[in-house]
Number of protein chains: 2
Amino acid sequence: MSLPHAILTALLEKPSSGLSLTRRFDRSIGYFWSATHQQIYRELGKLEQAGFIRALPSDQPSRGQKKEFEVLPAGRTELTRWASGEQDSKPIRDALLLRMRASAVVGRAGLDEELRRHLAQHRGQLAEYQEIEGRDFGAAADPQDRLRRLVLRAGIGLETFWVQWLEEALAEVTDMDAAEGAGGGSGG
Amino acid sequence: MSLPHAILTALLEKPSSGLSLTRRFDRSIGYFWSATHQQIYRELGKLEQAGFIRALPSDQPSRGQKKEFEVLPAGRTELTRWASGEQDSKPIRDALLLRMRASAVVGRAGLDEELRRHLAQHRGQLAEYQEIEGRDFGAAADPQDRLRRLVLRAGIGLETFWVQWLEEALAEVTDMDAAEGAGGGSGG
DNA sequence: AGCCTCATGTAAGTCGTTACATGATTGT
DNA sequence: ACAATCATGTAACGACTTACATGAGGCT
């Protein structure tokens with residue numbers, strides 16, 4: 001149950017409409033908590049009903065009209081409560097690792113292309129993070145920026161790990177293919 | 001849509017009943033794709049109906065009786081198809097990072113205890129992985145073991161990253177607390 | 001009028017989580 | 001008989017995904 005708190009955080013950083021929230025979930029916030037516009041609109045409705053946020057009164061509430069939300073005191077209280085509690089991290093859930101394990105059973109046809117594709121994607125993401133770090137965080141001073149930089153450095157560390165691991169995996173798979181000749185898969 | 005394929009992989013490695021599958025999803029397979037017994041039973045029903053698996057005929061199909069499943073040729077074909085296709089990895093979804101970002105807005109009360117707690121958990125998981133690597137993978141020879149070892153090394157790499165990052169984050173937060181005096185949070 | 005974009009929303013279905021129900025086997 | 005454990009399920013709900021619907025404003 002983290003989406004409402006992600007939205008509260010985003011709205012405290014800056015009051016926004018549903019669509020501009022959606023765009024922020026495609027960038028900064030979305031780097032560690034993604035959400036579609038359907039999820040966001042539904043959750044905005046719930047948060048408004050719960051008294052955690054409200055629509056800014058300047059906007060008329062008709063369909064197709066922009067509607068901006070801000071966080072109410074009760075919403076800030078709820079976010080504080082949630083942020084200071086305990087919550088275990090979820091176990092890893094990664095389809096690529098699952099597919100590698102499946103490849104060990106049914107053969108690894110197409111595996112190396114897939115590894116290359118993921119490698120390119122993670123390199124791209126890493127470059128994007130590094131560019132943000134260079135642009136937005138020179139010599140971080142205030143606590144807010146230091147915390148946000150820590151979060152960004154988690155993204156950088158994770159992408160760095162994936163790039164290294166994919167390079168290792170690619171070398172290993174290439175070596176396995178060479179050792180087995182032109183045959184390809186090991187399935188059967 | 002990866003759970004059916006996780007189950008097909010597990011059943012190809014070794015035909016099993018629902019409960020023994022559940023136990024394997026708490027260990028080896030579960031290290032990168034977790035599932036509860038309710039998910040597994042539901043999915044076994046679907047897979048059987050789709051003609052991908054069948055119950056071993058020796059077992060009588062009454063409630064409370066063990067029922068073992070094996071993969072049919074159609075199931076193997078489906079798993080091969082899935083494993084050789086393209087599939088982008090999902091973006092990161094990590095509640096701890098979200099909570100750090102929230103802490104940047106509402107204050108970081110309790111944050112350092114939470115970081116310490118996660119650090120201990122990741123250290124424990126890392127030790128478990130390393131023990132498995134030392135026990136099950138001496139000098140990996142056949143392709144199956146090499147692929148499985150690669151998967152395990154991904155787990156080791158990820159946990160290593162988290163341990164390092166949490167140590168860095170803990171040092172940073174401690175320093176921030178010291179710089180601000182005994183006050184505590186930066187919220188408001 | 002027709003089309004595109006911005007913006008908000010509905011509907012249907014799958015996946016995942018939590019709680020509970022039922023039957024079989026084993027030990028006392 | 002009773003309890004504990006093994007084993008297979010049902011039910012209900014919430015989270016997430018995908019496709020579609022509706023309305024406003026600007027442009028040609």
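Residue numbers start from 1 in every chain, and the chains themselves are labelled A, B, ... in the order their sequence lines are given, proteins ahead of strands.
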Taking A:Gln39 for its side chain and A:Thr36 for its backbone only, find out whether a donor-acceptor pair lies under 3.5 Å. yes
Please check: side-chain N/O of B:Gln144 versus main-chain N/O of A:Ala104, any donor-acceptor pairing under 3.5 Å? yes
Ring geometry between B:Tyr31 and B:Tyr129 (parallel below 30°, tilted from 30 to 60°, perpendicular above 60°): perpendicular
Separation of D:dA15 atom P from A:Leu44 atom CG, nearest Å, is 14 Å
Could you check how far NZ of B:Lys66 sits from P of D:dG9, rounded to whole Å? 14 Å
In whole Å, I'd like the distance from the CD1 atom of B:Ile7 to the P atom of C:dG16. 10 Å
Is there a side-chain contact between B:Lys67 and the phosphate of D:dG9, meaning an N or O under 4.0 Å from OP1 or OP2? yes
Name every residue in residues 18-41 of chain B that has at least one heavy atom under 4.0 Å from any atom of DNA chain C, in order of residue number, or write none if there are no such residues. B:Thr36, B:Gln38, B:Gln39
A:His118 side chain to B:Gln87 backbone, donor-acceptor under 3.5 Å: yes
Only pairs at least two apart or in different chains count here, so list each salt bridge (Lys or Arg N to Asp or Glu O under 4.0 Å) that has a residue in residues 81-103 of chain A. A:Glu78-A:Arg81, A:Glu86-B:Arg117, A:Asp88-B:Arg117, A:Arg99-A:Glu114, A:Arg101-B:Glu13
If you round to the nearest 0.5 Å, how far is CG of B:Leu11 from CZ of B:Phe52? 13.0 Å
Residues in residues 77-96 of chain B with a heavy atom under 4.0 Å of DNA chain C, by number, are none
B:Leu56 atom CG is separated from D:dA7 atom P, nearest whole Å, by 15 Å
Between D:dC13 (P) and B:Arg42 (CZ): distance, integer Å: 15 Å
Should B:Glu70 and B:Glu68 count as side-chain neighbours, where that means a heavy-atom distance under 4.5 Å? no
Can any side-chain N or O of A:Thr80 pair as donor or acceptor with the backbone N or O of A:Arg76 at less than 3.5 Å? yes
From CD of B:Glu43 over to C1' of C:dT17, roughly how many Å is that when rounded to an integer? 15 Å
Rounded to whole Å, please give me the gap between CD in B:Glu68 and P in D:dC6. 16 Å
Establish, with yes or no, whether the OP1 or OP2 oxygen of D:dA15 is under 4.0 angstrom from a side-chain nitrogen or oxygen of A:Lys46. yes
B:Asp136 and B:Arg148 ion-paired at < 4.0 Å: no
